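Working notes for the structure below.
Values below: all heavy atoms of this structure, side chains included; hydrogens, waters and symmetry mates excluded. All chains are named by letter (A, B, ...) in the order of the sequence lines, taking the proteins before the strands, and each is independently numbered beginning at 1. Remember, predicted model here, so these are calculated numbers, not experimental data.
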2 protein chains.
Amino acid sequence: MSEKIRSKRFNMQNSNNKRMIKVVFLGTSSGVPTRERSLPSIFLMYENERILFDCGEGTQRQLMSEKLKFMKINRIFISHWHADHFAGLLGLVQTMSLENRSEPLYVYGPRRTEEFVERLLGVGYFARSFKVVAKDVDEGEEIKGTGFKVIPFRVEHRVPALGYVFREDDRIRADMEEAAKFGLKTGPKIGALKAGKSVTINGKTVAPKDIIRTEPGKKVVYTGDTKYNENIVKFSEGADLLIADSTFGEEFTERAGDFRHSTANDAAEAAKKACVKQLVLTHISRRYQESEGCISPKTLEESARKIFKNTILARDFLEVEVK
Amino acid sequence: MSEKIRSKRFNMQNSNNKRMIKVVFLGTSSGVPTRERSLPSIFLMYENERILFDCGEGTQRQLMSEKLKFMKINRIFISHWHADHFAGLLGLVQTMSLENRSEPLYVYGPRRTEEFVERLLGVGYFARSFKVVAKDVDEGEEIKGTGFKVIPFRVEHRVPALGYVFREDDRIRADMEEAAKFGLKTGPKIGALKAGKSVTINGKTVAPKDIIRTEPGKKVVYTGDTKYNENIVKFSEGADLLIADSTFGEEFTERAGDFRHSTANDAAEAAKKACVKQLVLTHISRRYQESEGCISPKTLEESARKIFKNTILARDFLEVEVK
């Protein structure tokens, strides 16, 4: 084996060990942006996959600010069709065209997504170098990718709205210490065991359960815009990261209800019930700013932490890694 | 006369004296934004009027960064229907609605403007608190406002495209030094002279031409996207400020031609021929950046200045006052 290939294989193993989900918050405002917060969009990177959850106005420029390779984005999941969650789609698609993209771009969202994408991309004069494939999805339909799937689930907003689970596939690995006890080394027999078949070594039968371990894949959940809802808890069960609507603090509980949004405390309650590992509060109303006449956004975090300790407040360009 | 009223009148006279046009460049990129340049939009302020020329993605946030009172914007002039010039319209209208605007918003542009505005505002779920009145306009049709008019003119791009002249009304004023020689002071007789009528004082007839002077109103011209074209020169004649497409430098002359854009030198030639007072270059290709692999944007300015000295290169948030 040449040095080059050896090194390549080593890198591959290395990259397997380092397999992780990276989330970058591109926009963390609610309906109206502020000087500090751009409109909703979340970038998720996993292996070769680049995904956006929502694509508010300004998303392409936020991507450029972070030098994220936006041309590699292949899938965009729209939580619902309020302009603050989709108005950046037009500009992003135009820029991708100007960059001569040829790969299709998939856009998923609740019912009427196909209709709205077609309508949006029909405004103005628009030479497109690639296909935009829009698809209405609903709870119960999974979107499969390489090494992961995205699972939509229904949430409760004023218009049809979905949350999304990004779920890494479970990892099947051999416990090589246990394997050594049976006299097994890496090779086809380990492969057979991983595939669920028993093997015989030195006259002894080894079953998959003896050395094969299943590590559950990592899980990231995005609620989109929603009122507190038991479905969030159900789909967030044990998530490594829950990104939740936290438009208001307790002082606007009634308003949150009226507009079918969550408070920071609602988000924390869901995180606690679902036993998630980390909660990030986003979709922050401009009422929460460090300026005169506004409430400090820190109050959202402080209040939520009393219910669920591992809470952080999103800010634009916050990066969270799930390893 | 009470002190209060006196002071008010004094202020009014003062504000008349200071009457000016203020232009703020909100976005100065061409089709693709950069970290430094947002997508095309120009804010123009004159007395109580707030106008946008083009409304690229990100316009509402750029307006907020400058603390400009965007709710007062009553008219938006779209140069043409390429997404980089209009994609910010949806978000701006949504934000104005969330702010409970009630006044109508007028959107003007070349043919199909009504169709495209209706189509754009029909994407997603959208409760609108005010009317958006879209209107197709063409060369020869003037849009009149209080103390000014906007004059569309045809330019040469790949799709129907307009430039716009913002023209302050001529000012009729009495030369009070001359008037004194006839024994005339401010009063109804001066008013009659301003209205074009002769008056008699001390048995002597005074004609308007004796003391009435016409000061031509200030003129600001925006070309939108266009190839060099004699119509730009015609409509920019004597302008106080010409804001011109300057997508490329001389090194991309052929590309500029292919895509119906101007080079910095084209803009300077037009400025020179039209004898304008000030030229601002905008709609700058991302090929011109102060970073590796790019050409310094200063080269655009330097090159244009050899043809027309009073040239400046636009940057986001550049303010130009025309007094």
Exercise. Counting a contact as any heavy-atom pair under 4.5 Å apart, which residues of residues 27-41 of chain B contact chain A?
Worked result: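 Hits under 4.5 Å: Gly31(B), Val32(B), Pro33(B), Thr34(B), Arg35(B), Glu36(B), Arg37(B), Ser38(B), Leu39(B).
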Problem set entry | Backbone of Arg119(B) reached by a side-chain donor or acceptor of Arg119(A) within 3.5 Å |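 A pair under 3.5 Å: yes.
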Exercise. Are any side-chain N or O atoms of Glu57(B) and backbone N or O atoms of Gly58(A), one a donor and one an acceptor, separated by less than 3.5 Å?
Worked result: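 Judged by distance alone, yes, a pair lies under 3.5 Å.
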Counting only heavy atoms not in [X], do more than 12 sit closer than 6.0 Å to its [atom1] atom?
X	atom1	value
Glu118(A)	CD	no
Arg128(A)	CZ	yes
Glu290(A)	CD	yes
Arg154(A)	CZ	no

Problem set entry | Heavy-atom pair of closest approach, residues Arg61(B) and Asp316(A) |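 Reported closest heavy-atom pair: NH2-OD2, 4.1 Å.
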Problem set entry | Inter-residue atom distance Arg286(A).CZ - Leu98(B).CG, 0.5 Å rounding |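 Between Arg286(A) CZ and Leu98(B) CG, I get 7.0 Å after rounding to 0.5 Å.
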For this session: Could you have a look at Ala87(B), Gly122(B), Pro160(B) and say which one has the most heavy-atom pairs with chain A under 4.5 angstrom?
Result: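 Highest number of pairs under 4.5 Å: Gly122(B).
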For this session: Tell me, for Glu99(B) versus chain A, whether the close heavy atoms (under 4.5 Å) come from the side chain, the backbone, both or neither.
Result: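 The side chain, not the backbone.
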Problem set entry | Segment of Phe86(B) engaging chain A (4.5 angstrom heavy-atom cut-off) |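 The answer is the side chain of Phe86(B).
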For this session: Check step by step if side-chain contact (heavy atoms from CB on, under 4.5 Å) holds for Tyr125(A) and Arg112(B).
Result: CA-CA 10 Å; Tyr125(A) 302 94; Arg112(B) 299 187 72 187; 3.4 Å; yes
For this session: Kindly indicate whether the side chain of Leu90(A), heavy atoms from C-beta on, has any atom under 4.5 Å from the side chain of Leu90(B).
Result: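 No. Closest side-chain heavy atoms not under 4.5 Å.
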For this session: Identify which part of Glu115(A) has an atom lying under 4.5 Å from any heavy atom of chain B, answering side chain, backbone, both or neither.
Result: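 It is neither, since no heavy atom gets under 4.5 Å.
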